[in-house]
Amino acid sequence: MKILEMHIYGYGQLENIKITNLADFQVFFGENEAGKSTIMAFIHGILFGFPTRQQSELRYEPKHGSKYGGKIRIHHEERGYAVIERVKGKAAGDVKVVMDNGIIGGEELLKELVANFDKSLFQAIYSFNLNGLQNIHQMKGEDIGKFLFSAGTLGTERLSKTETVLQKELDSRFKPSGKKPLLNEKLQALHELNGELKRAAAKNNEYENLIEKGESLQQEMIAINRQLEVIGEKVEKLNEWKRIESIVKEEKWTRKELDELGEFEFPARGIERLEKINQLIHPYNAEIISITTRIENLKKELAALQPEEDFLENEPAIVTLLDQVPLYEQMKLEKQQCETKLVEFEEKLSVTKEKLHLPLNEEDIFEINTNIYMKSQVEMAVRKRQKLVEVKAELEERYLEEKNLLEEMEKGVRAAESRILAKQDRLLLEEEISYGNDKKGLEGELKALQDKIEFYQLANERDKASRASIKKQKRVQFFLIGLILVGLTLYSILTKQWDVLFLGALGFIVIAIFMTKSSKQPKEEEMNQTLDDLREKEKQLIEKLHAAEYKDITKIEEQLKLDNYRREELQILKIKLKQQQSQYEKIIAKFEEWELESDQNKEKLISISNELKIPEYFATTFLLEAFELIEQYKSACREKKQLLSRLAQINQQQNKLVEDLNHYENRFLLERGLDLQNSAYLLRNKLKEEHEKQIKCQERRTKLTDLEADLKQKSQERDHLQSEYNKLVNAAKVETEQQFYELGAIAEKRIKLLERLENIESQLAYSILSKQVRETFLSIHNSDQLITECHHEAQYLQSKLKKLQEEQASIKYEIQLLEDGGVYSDILHHYKQKKFELEEAAKEWSVYCLAQDILSSTIEKYKSVHLPRMLAKAEEYMSFLTNGSYQRIHLQKTGPGFLVEREDRTLFEANELSQATTEQLYVSIRLALAATLYENYQFPIIIDDSFVNFDAKRTQKVIELLKKMERNQILFFTCHAHLLKLFRKENIFSLEKGAVQIIS
């Protein structure tokens, strides 16, 4: 299942948030309280329901009245796309699931999509947070192994907690050496009652005799049961012996054969290897002889071929010189062309100088600046001059247009002002409308006031009745209290107890004050005052209604609407007029800007004319043409200089070519005094001949080197094969090849016997009979007869046991008759009651024992069946995270827990590892659990800053590991900016003040 989109209506501080295009590895980055934990809780809430008010988890209900809940869009591997929406409703919220194929459902359909996972199991397997690692920090050393084993089983520490709870319950009920546990107390009480019972039973000899006889019968029955068990075991062993008798005898014969052959050394697959070596040695000898002959012939050929090394050393210079010979004629032709061009450039310079009509020579013209920047300045100045002329014409045209529009706008505003009502006339109309509307309001206000008066009158009547009743009760109470005080006063006077007299007088004063206060009725006066005010207000409203007159205000409203429309129209016209005035002023401002730019352009043209050394009238009319003529003049002068330089260079090259050819002709050729072409031809032929000799020599040398290397390799391979042959013969400790083959046949026979013995031992490994028992059973010749005898003996013992049981029942009946009377029966009843209570408590204790046993057996089954596959994947992850430092994870032989194997084969318990390594082990186990045991459920893995205690290298390794888990979508929440460089920018969402955006 992959989450594609989220829409949060309201959840905690997040309101109306949409998150789309969630990637396979999506990172949510934000500072503390930015909403990371809220988004995690939102995903859990939508998939599995909101937390109820009775649970300790936060509900994340919005504080500002937003709609509580949201929806997510998912893609399911089997069911396709779906939208899950959950909003506030019943305890866990109302959920609605809409599939893309049109199916709509609720909780049942959602359970199918999440494979019936509940929230706790999902969080245990696929949801990481810092709490899981903090549990490791807070544990004692001896508990870390149990915690990791529990995490590998269920994904959390729930298994280790369950074990602790069961052990605590067992200890609270019974301890072998304890006194306070419930079973210990009941056992002690039962023991004391048993003593009293025995003392009462001492008075009855017959009772004791019956008890002793019953116990002796019980012991005899136990002995018979033990004999039956022994016979049963014996029969079982004899049946097993019948099954494996032939296999055991075959084992004895095989071991005897092996002992006769004895122990000796022989190489594995020795005969096959020796034959293969013999087949390879003979071809190598023939190849070595052939290669040696070919090497001798090549050495003779090399001696006959030797090139002229002195000539070849000068090859680069000679080749360069020969390549220049065809250029000699070209240089002659180029020399003639350069002389013709010189005449043309002289004429061109004369014509250009006449057009410029400037007193400049060739040296002065090069001092004038005609670089790219100057050319750009000239072109910009000319274009600016032309543009200013065009802008002036355009401004004059726009000036006339804006002026005409402004005059028309002013006329329109004056006409609109004349059509609206005067201010005094409009106020009169508004007062008439307001007066007509007030009458309807007065009628409604009068009705509400009359209802209020009626309510207060009814309330006042009820209060009067209530006060009268209370006043009557108080009078009766005060009268009674007064009588009591009078009696108390008379008594104190007669007995002269003045303190009591003082108390009586004080009581009279208090009663008088209380009566005075209770007689006042401020609430009644306040109620009457309120009613008077309301009646006065009612009277005023009635007078206003009588004074009001109905008027026809429809026509007045229409006049005001028309005036409002005209005022709005006037306001619009004024705004347009203001805008038009602004446009007119802009045109005026542009005229001023044009004049300023025109002056600046003229100054620029004069400055350029001074730099080009031309008159000012040229600058204002023909500046660009003059600049181009100066450029042409400079270019022609420069090309003339280049032609003169090229003529001198051609003469120098021709002379040097002739001198070099004469030098090599006199040194290497037999002929002398040849012309340029013949000398070059002879040198080229000689160079070709020497090259051919050199190539042939090089080919022969290369071939000779290859043959010598081949000879060396073949010799080494032959020597290696001979060495292998000698090693095989020496390993068998024989002298001849024939002895080697004979010893090989014996070794092959011994291997077959060992294989058969191993097969036999594998069959006997599953037998219930040990090796010693099998040895004793070899002397048995007729096992069927022994089995029959055992059956007969068992039948006899069972019949005897039946008689003893009947006799024991008779004795119990007689004891019951004796227990029906007197003190002994009471003690016995009490004893049996306590015994029953003890048995009930023991049953409850046995339930927890059974639960603990079932949990232990389940763990053992998990360790043997499911855990190995998970551990293999966890070992792979652990090796990757630690760069191979820790490679294996072993189960503890006793109890839950792991042993971790370092690369040097050292084993560590979980509490012996460093804190960071323990956390890496925990992460490896959690990820392996999702990748193996729950591999069929491709739920997103949600991680909330679980690796903050890792250093940079360990953090990078765990991120790389998460990126490899391509079957599950990863949602990674972090507040650490330095981790963002490990992810692609398009996969990072930034959370800030309730907003979500992609980091750019």
Would you call the rings of Tyr126 and Phe939 parallel, tilted or perpendicular if under 30° counts as parallel and over 60° as perpendicular?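 Because their plane-to-plane angle is over 60°, the rings of Tyr126 and Phe939 count as perpendicular.
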Could you check whether the rings of His44 and Phe122 sit parallel, tilted or perpendicular, using 30° and 60° as the cut-offs?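 Judged by the thresholds at 30° and 60°, the geometry between His44 and Phe122 is perpendicular.
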[X] side chain to [Y] main-chain N or O, any donor-acceptor pair under 3.5 Å?
{"X": "Gln969", "Y": "Ile3", "value": "yes"}
{"X": "His976", "Y": "His978", "value": "no"}
{"X": "Gln26", "Y": "Asn987", "value": "yes"}
{"X": "Gln956", "Y": "Lys953", "value": "no"}
{"X": "Glu5", "Y": "Ile19", "value": "no"}
{"X": "Gln123", "Y": "Ser120", "value": "no"}
{"X": "Gln887", "Y": "Gly884", "value": "yes"}
{"X": "Ser924", "Y": "Gln920", "value": "yes"}
{"X": "His7", "Y": "Lys18", "value": "no"}

In sequence, state the C-alpha distance, the side-chain angles, and the governing distance for Ile941 and Leu971, and then conclude on side chain to side chain contact (heavy atoms under 4.5 Å, CB included). CA-CA 6 Å; Ile941 295 177; Leu971 303 179; over 6 Å; no
Side chain proximity check, [X] to [Y], heavy atoms < 4.5 angstrom:
{"X": "Met40", "Y": "Ser127", "value": "yes"}
{"X": "Thr906", "Y": "Glu901", "value": "no"}
{"X": "Tyr60", "Y": "Phe42", "value": "no"}
{"X": "Met99", "Y": "Ile104", "value": "no"}
{"X": "Phe989", "Y": "Ile39", "value": "no"}
{"X": "Leu921", "Y": "Val923", "value": "no"}
{"X": "His76", "Y": "Tyr81", "value": "no"}
{"X": "Thr955", "Y": "Leu979", "value": "yes"}

Apply side chain to side chain contact (heavy atoms under 4.5 Å, CB included) to Asp24 and Glu966, showing your working. CA-CA 8 Å; Asp24 290 337; Glu966 299 176 352; over 6 Å; no
Which pairs of donor and acceptor atoms, one on a side chain in residues 83-90, lie under 3.5 Å apart (sequence neighbours left out)?
from: Glu85; atom 1: OE2; to: Tyr9; atom 2: OH; distance (Å): 2.5
from: Arg86; atom 1: NE; to: Gly45; atom 2: O; distance (Å): 3.0
from: Arg86; atom 1: NE; to: Ile46; atom 2: O; distance (Å): 3.1
from: Arg86; atom 1: NH1; to: Ala92; atom 2: O; distance (Å): 3.2
from: Arg86; atom 1: NH1; to: Glu107; atom 2: OE2; distance (Å): 3.0
from: Arg86; atom 1: NH2; to: Ile46; atom 2: O; distance (Å): 3.3
from: Lys88; atom 1: NZ; to: Glu61; atom 2: OE1; distance (Å): 3.4

May I ask you to check whether over 12 heavy atoms, not counting those of [X], lie within 6.0 Å of atom [atom1]?
{"X": "Lys957", "atom1": "NZ", "value": "yes"}
{"X": "Phe908", "atom1": "CZ", "value": "yes"}
{"X": "Lys96", "atom1": "NZ", "value": "no"}

Nearest 0.5 Å, please: how far is [atom2] in [Y] from [atom1] in [X]?
{"X": "Phe25", "Y": "Asn968", "atom1": "CZ", "atom2": "CG", "value": "11.5 Å"}
{"X": "Leu982", "Y": "Ile959", "atom1": "CG", "atom2": "CD1", "value": "6.0 Å"}
{"X": "Gln938", "Y": "Glu78", "atom1": "CD", "atom2": "CD", "value": "9.0 Å"}
{"X": "Gln13", "Y": "Leu991", "atom1": "CD", "atom2": "CG", "value": "9.0 Å"}

Would Leu913 and Val900 count as a side chain to side chain contact (heavy atoms under 4.5 Å, CB included) here? Give the steps. CA-CA 9 Å; Leu913 299 173; Val900 183; 3.9 Å; yes
Flag for Asn883-Ser885: side-chain donor and acceptor within less than 3.5 Å: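 Per modelled atom types, Ser885 and Asn883 side chains form no pair under 3.5 Å.
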In terms of side-chain geometry, is the basic nitrogen of Arg73 or Asp100 positioned less than 4.0 Å from the acidic oxygen of its partner?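 So Arg73 pairs with Asp100 through a salt bridge.
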Checking Glu112 against Arg79 for the salt bridge (Lys or Arg N to Asp or Glu O under 4.0 Å) test, could you report, in this order, the C-alpha distance in whole Å, the side-chain angles of both residues, the deciding distance, and whether it holds? CA-CA 10 Å; Glu112 292 180 14; Arg79 304 295 296 271; 3.0 Å; yes
Just distance, no hydrogens or angles: give the donor-acceptor pairs under 3.5 Å from side chains in residues 871-879, sequence neighbours left out.
from: Lys873; atom 1: NZ; to: Glu876; atom 2: OE1; distance (Å): 3.4
from: Glu875; atom 1: OE1; to: Arg888; atom 2: NE; distance (Å): 3.4
from: Glu875; atom 1: OE2; to: Arg888; atom 2: NE; distance (Å): 3.3
from: Glu875; atom 1: OE2; to: Ile889; atom 2: N; distance (Å): 2.9

Show me the donor-acceptor pairs, under 3.5 Å and distance only, between side chains in residues 27-37 and residues at least two apart or in other chains.
from: Lys36; atom 1: NZ; to: Gly30; atom 2: O; distance (Å): 3.1
from: Lys36; atom 1: NZ; to: Glu31; atom 2: O; distance (Å): 3.1

Checking Val958 against Leu881 for the side chain to side chain contact (heavy atoms under 4.5 Å, CB included) test, could you report, in this order, the C-alpha distance in whole Å, the side-chain angles of both residues, the deciding distance, and whether it holds? CA-CA 6 Å; Val958 76; Leu881 291 177; 4.0 Å; yes
